[in-house]
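First comes the structure, then the notes that go with it.
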Amino acid sequence: MSIIQKAGIGEYAVITLIDSTEVVREAVRLHSPMSDLSIQALGRLLTVTAFMSEGFKGREKLSITYDTDGGLGRLVTAATRLKVRGYVENKDYELYDKDGYSDLTRGVLGGSLTVIKDLGLKEPYVGKCSIARGNISDDFSYYFTLSEQVPSAVHVDVIIEDGVVMRACGMFLQLLPGCPEEVKVMLQDIVRDFYAMATMMDTMTFREMIADRFMVFDVEYYDEEKVSYECSCSKARMDSIVLSLGEEDALNIIDEQGLIEIHCDFCNSYYRYTRDSVERLFNE
Ligand SMILES: [Zn+2]
């Protein structure tokens, strides 16, 4: 089970810790085979996506497109509240650094990041920024600070051993308005401790980590919540896509290709329609 723990740090900041191990394992199960590099990139992005959906109250929707110039190509994630999904365009692509680790920065290189939030208002919120570092942590610190104007520190990580996801996690610290400069400096120092959170998770709960590191502050814990990997595709949704083609065009495709096949990139499922099922659909 993947979990999310949020806590208020006095009136200065809010910290959110996420154990996204199960979410990333489910992504790997659905998209397998994946290179370590693509697991690292998608796992980190899914963790950020989970964090960004946490503030939703009801039917809001989020989608993130991480359009890289590197070999991984495009990464896409989407979410409703605490339910995330995603895929990588070139999931086979691998690139190692000189120490033999997947080289995320060079695998991503640069590019652009687009965040679309459908908050149920007339127009969706669209935030954009360029990808400066390509490690996803720094890219989103930059995105939250500049595009959403919330000064933020982000650390996301995926630990992979022999192709198995051992741990996936994230730390997000966001400053509240009016946080004094001297407190900011203190918080920046503390945040660095969380770069090792994947290891800390072996022996400590999230509440223990927060209590230990933010000892001098007045900490207020929110209820722990669950995060899961869930796709929103369904037979009904695919039916409506086929219906939108119109009967004549749908049958023309069947004449040419033998069947209509719709692929869901998020969960790697195929929906197939034969002549019989198309005729039935249009005569319902
Ligand atoms: Zn799906």
Side-chain angles (χ1 to χ4, degrees), residues 1-4 18 20-35 37-54 56 58-68 72-93 113-120 124 126 136 156 158 163 165 168 170 225-245 249-250 253-254 257-274 276-278 280-282 284:
M1 182 185 58
S2 286
I3 55 156
I4 184 161
I18 302 182
S20 49
T21 311
E22 290 305 323
V23 164
V24 179
R25 283 181 182 160
E26 178 62 6
V28 173
R29 190 185 71 78
L30 291 168
H31 296 295
S32 177
M34 294 177 81
S35 67
L37 182 70
S38 68
I39 297 172
Q40 182 66 248
L42 183 62
R44 287 183 181 211
L45 195 60
L46 284 169
T47 307
V48 176
T49 308
F51 165 72
M52 290 177 74
S53 77
E54 187 274 336
F56 291 168
R59 311 180 74 136
E60 300 97 325
K61 288 182 212 149
L62 165 71
S63 72
I64 301 176
T65 305
Y66 197 82
D67 232 329
T68 83
L72 286 172
R74 175 181 293 185
L75 282 84
V76 179
T77 61
T80 52
R81 186 169 197 279
L82 299 177
K83 294 189 171 87
V84 299
R85 57 193 194 276
Y87 65 89
V88 188
E89 187 180 16
N90 302 323
K91 62 180 185 173
D92 302 328
Y93 180 73
L113 173 64
T114 308
V115 173
I116 301 176
K117 289 187 203 174
D118 179 354
L119 303 173
V126 181
I136 302 184
V156 279
V158 180
V165 176
E225 294 200 80
K226 290 178 194 165
V227 191
S228 57
Y229 190 106
E230 262 182 63
C231 192
S232 60
C233 72
S234 65
K235 174 83 169 54
R237 183 171 290 191
M238 298 306 170
D239 283 356
S240 68
I241 295 176
V242 176
L243 285 167
S244 72
L245 294 169
D249 282 357
I253 296 175
I254 297 214
Q257 303 178 4
L259 84 168
I260 296 175
E261 188 175 72
I262 307 173
H263 180 247
C264 175
D265 292 329
F266 289 105
C267 66
N268 208 13
S269 347
Y270 288 90
Y271 292 82
R272 295 184 174 98
Y273 293 83
T274 59
D276 273 2
S277 57
V278 167
R280 222 177 308 127
L281 190 61
F282 279 96
E284 259 171 15

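Read the numbers this way: they start at 1 and go in the same order the structure lists the ligands and their atoms. The figures here come from the full heavy-atom set of this structure, side chains too, leaving out hydrogens, waters and symmetry mates.
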task: Any pair with a residue in residues 42-54 that passes salt bridge (charged side-chain N to carboxylate O under 4.0 Å, His left out), sequence neighbours left out, goes on the list, sorted by first then second residue, please.
output: K6-E54, R44-D157
message: Strictly distance-based, threshold 3.5 Å: is any side-chain N or O of E60 a donor or acceptor partner for the main-chain N or O of K117?
response: no
- request: Mind checking side-chain contact (heavy atoms from CB on, under 4.5 Å) for D67 and listing every partner two or more places apart, or none if nothing turns up?
  value: T65, R74, S112
- request: Give a yes or no on whether a salt bridge exists between R280 and D276, defined as a side-chain N under 4.0 angstrom from a carboxylate O.
  value: no
message: Tell me if a side-chain donor or acceptor on S240 pairs with a main-chain N or O of R237 at a distance below 3.5 Å.
response: yes
task: Tell me how many protein N, O or S atoms are closer than 2.8 Å to the Zn ion (ligand 1).
output: 4
field: ring-ring contact (aromatic ring centres under 6.0 Å, His included) against Y87, all qualifying residues, sequence neighbours excluded
entry: F266
